[in-house]
Amino acid sequence: MSTTGHTDPAPTPTTATAADGAPDGASHSAPDGSSAPATGPDTTPRAAAGPDGPAADGPADRPALRTADRTPDRSAALRAYRPALRTGVLIGPPLLRGPRTVHLIKHPVSGAAFEVGPKEHFVISRLDGNRTLDDVVTAYADRFHRRLPEEQWTRLLGLLGTRGLLAGSPDPAPPEPPPARANTFWKGSRRTVADAHATAGRLHRLLRPLLHPWVQLPLVAAVLVMTGAVLADPPALLDGTRELLGRPLALVPFAVFLWISVCLHELAHGIAARHYGGTVTEIGLRWRFPALMMYCTVDNYLFLPGRRAKLVVAAAGAYANLLLLLPFAVWWVPLDPADPVRPLLTGMLFVGIVQALSNLVPLPPLDGYRILGHTLDTANLAPETRTYLALRRRGRDAVAAYPPRARRLYTSYAVTAAALVLLAAAGSVTAVVLLVLD
C-alpha cells in the first residue's frame with residue numbers, strides 16, 4: 001500500500017464471468033492492470049447469454065425449447081430449483097473500471113477472482129438457496145424491466161457451477177504455484193514470517209484494547225494538533241531541518257527510527273485488515289539496493305465490509321507513523337524557543353511528518369492512491385486513466401462508451417496527477433536550494 005513495500009491487496013481477476021454478451025459484461029485484467037478482452041480458460045461457448053443478453057418481453061418471445069433437452073418436466077424442475085452460492089464466496093461492491101461498472105467475485109478455495117456486470121451481480125447475489133427461478137425472474141423484471149429468459153438462466157448456472165461457485169459444485173483446478181522468486185544482490189524479496197495471518201492476529205489481539213474508539217479519538221486529535229503546531233512555523237522548519245542534517249550523531253539514530261517506523265507502517269496495514277476481517281498472506285523483507293524495507297500483503301482487501309474499513313486499512317500506515325512521533329512532540333512542546341534542543345526536535349518532527357503525509361499523496365503506489373480509489377469507488381484508476389486518454393486522442397467516438405462520470409473522473413485525475421508531480425518536483429528542488437544556499 002505504499003512505496004515501502006506493501007503489495008496491492010486487490011485480487012487480480014484471472015478469468016472473466018462471460019455470462020452475457022452486452023457491453024457492460026465482464027472482462028479481466030491484463031498483467032499490467034489495463035483492460036483486456038476476456039480470454040481466460042473458460043471453455044463455455046461464446047454464444048452463451050447471461051442476464052444482459054437479448055431480453056424476452058413475454059412467453060411468445062422466448063426461444064423455442066428443443067425437445068432434446070427442454071422437456072416440460074425438466075423445465076418445471078428447473079423453475080423449482082433453489083440454487084445457492086458456495087459458502088465463503090466473496091462478492092465486492094460496484095467499482096468503476098474503464099467504461100464499465102463491475103463487481104469482483106472471489107472463490108473461497110482457489111482464490112480465483114472474477115469480474116461481473118451489475119445485472120449478473122443482481123442475479124448472483126440472490127442465489128441464497130431460498131429463491132426459485134420464478135422469484136429471481138420476477139425480481140429481475142422489476143429491477144431492469146426485462147425478463148430473464150430460461151436459457152440464459154441455465155447457462156449462467158452452468159457457468160457458475162463450472163467455476164465452483166455454487167454449493168455442491170466441485171472445486172476448480174488449483175491455480176498454478178507462482179514462479180520461484182529470482183532474488184539477486186540488487187533486487188529481491190524474502191518471506192520472514194511462516195504464518196503471517198496468525199502473527200498479525202496475535203498483534204491485533206495484543207493491541208485490540210487500544211483500537212477502541214474512546215482511545216483512538218484522543219490519539220487522532222493529538223496527531224492533528226501536533227501536525228498543525230509543527231507546520232505552523234515554516235522558518236523554524238527550515239532551521240530545524242538544517243540543524244538535524246548538521247548533527248550526524250542525532251541524524252543517524254533518527255534515520256534508524258524512521259526505518260523502524262516504515263516497518264511498523266506495514267504491520268499497521270495488516271493489523272487494521274485483521275481488525276475488519278481481512279487476511280494477511282505474507283510478511284517479509286524487500287530490497288532494492290541500497291534500500292531494505294518490510295512489506296505486508298493483505299488479501300481480500302477489496303472485499304472488506306464497507307468503504308470505511310478499506311479507508312482505515314489504507315490510512316493505517318501513515319497514521320502509525322504519526323503516532324510514533326507523539327513522544328517527540330511531548331518533549332518538544334514545553335521547551336523554550338531559545339532551548340538549543342528545540343530546533344533539533346523541530347527538524348525531527350518535520351521530517352517525520354513529511355514522511356508520513358507523503359504516503360497520502362494520491363499517486364500510485366502510495367496509500368493516498370488507494371484511499372482516493374475507495375472514495376470514488378474505482379478500480380485501477382491510474383491505468384484506466386491512461387487508457388482513456390489514449391483513446392481520447394483518437395477522437396470523441398473512441399470514448400463514446402464511457403459514461404459522463406467516467407469521462408469527468410479520468411480527465412480530472414489526469415490533470416490532478418500531473419499537477420501533483422510538478423508540485424512535488426518544484427517543492428523538492430526548492431527545499432534543496434534553500435538548504436544548500438543558506
Side-chain angles (χ1 to χ4, degrees), residues 16-27 38 42 44-87 89-106 114-169 377 400-406:
T17 307
D20 62 12
D24 63 346
S27 69
D42 182 15
T44 305
R46 300 304 298 171
D52 288 336
D57 296 327
D61 295 326
R62 289 188 179 179
L65 299 179
R66 291 173 295 178
T67 57
D69 58 359
R70 289 290 185 270
T71 63
D73 290 342
R74 174 169 176 167
S75 180
L78 176 65
R79 301 181 73 84
Y81 178 43
R82 301 173 185 267
L85 286 179
R86 185 191 195 101
T87 301
V89 170
L90 299 175
I91 302 179
L95 298 172
L96 179 66
R97 181 179 172 91
R100 307 177 310 278
T101 297
V102 300
H103 294 259
L104 283 178
I105 298 180
K106 187 172 184 180
F114 311 91
E115 284 182 356
V116 298
K119 294 179 181 179
E120 295 98 327
H121 171 264
F122 182 88
V123 174
I124 293 171
S125 63
R126 281 156 178 76
L127 303 184
D128 56 4
N130 296 318
R131 295 180 174 91
T132 64
L133 169 61
D134 285 335
D135 296 330
V136 176
V137 166
T138 300
Y140 186 90
D142 291 342
R143 173 65 177 81
F144 299 105
H145 309 290
R146 302 171 63 183
R147 292 188 59 82
L148 180 63
E150 186 174 306
E151 280 198 356
Q152 294 176 12
W153 168 260
T154 56
R155 288 193 174 104
L156 177 59
L157 288 181
L159 185 60
L160 294 175
T162 301
R163 301 289 169 83
L165 296 174
L166 291 180
S169 60
D377 292 325
Y402 283 78
R405 176 177 179 263

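Numbering starts at 1 and runs along the sequence shown. The shown structure was predicted, so the numbers you read here are calculated from the model rather than taken from an experiment.
Rounding to the nearest 0.5 Å places CD of E120 at 13.5 Å from CZ of F114. With rounding to the nearest 0.5 angstrom, the OH atom of Y140 is 5.5 Å from the CZ atom of R146. Within the model, atoms CG of L104 and NE2 of H121 stand 10.5 Å from one another, a figure rounded to the nearest 0.5 Å. R131 CZ to T138 OG1: the interatomic distance, rounded to the nearest 0.5 Å, is 11.5 Å.
The shortest side-chain heavy-atom distance between V89 and K106 does not fall under the 4.5 Å cut-off.
Contact detail for P99 and A401: the closest heavy-atom pair is CB-O, 3.5 Å.
A side-chain donor-acceptor contact under 3.5 Å links T132 and D135.
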Inset, instruction - List the steps and the verdict of side chain to side chain contact (heavy atoms under 4.5 Å, CB included) for I124 and L165. - result: CA-CA 10 Å; I124 293 171; L165 296 174; over 6 Å; no
Inset, instruction - Give the intermediate values and the outcome of side chain to side chain contact (heavy atoms under 4.5 Å, CB included) for residues L85 and I91. - result: CA-CA 11 Å; L85 286 179; I91 302 179; 3.7 Å; yes
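Ring pair F122/F144 is perpendicular by interplanar angle, where above 60° counts as perpendicular and below 30° as parallel.
Of the listed residues (L156, L160, L157), just one forms a side-chain contact (heavy atoms from CB on, under 4.5 Å) with V123, and that residue is L156. Results of the side-chain contact (heavy atoms from CB on, under 4.5 Å) test with P83 over V136, L133, L127, D128 single out L127 as the only residue that passes.
The salt bridge (charged side-chain N to carboxylate O under 4.0 Å, His left out) test applied to D134 returns R79, not counting sequence neighbours.
Applying the salt bridge (charged side-chain N to carboxylate O under 4.0 Å, His left out) test to residues at least two apart or on different chains, none of the pairs has a partner in residues 136-145.
In terms of modelled atom types and a separation under 3.5 Å, the side chain of R86 and the main chain of G164 share a donor-acceptor contact.
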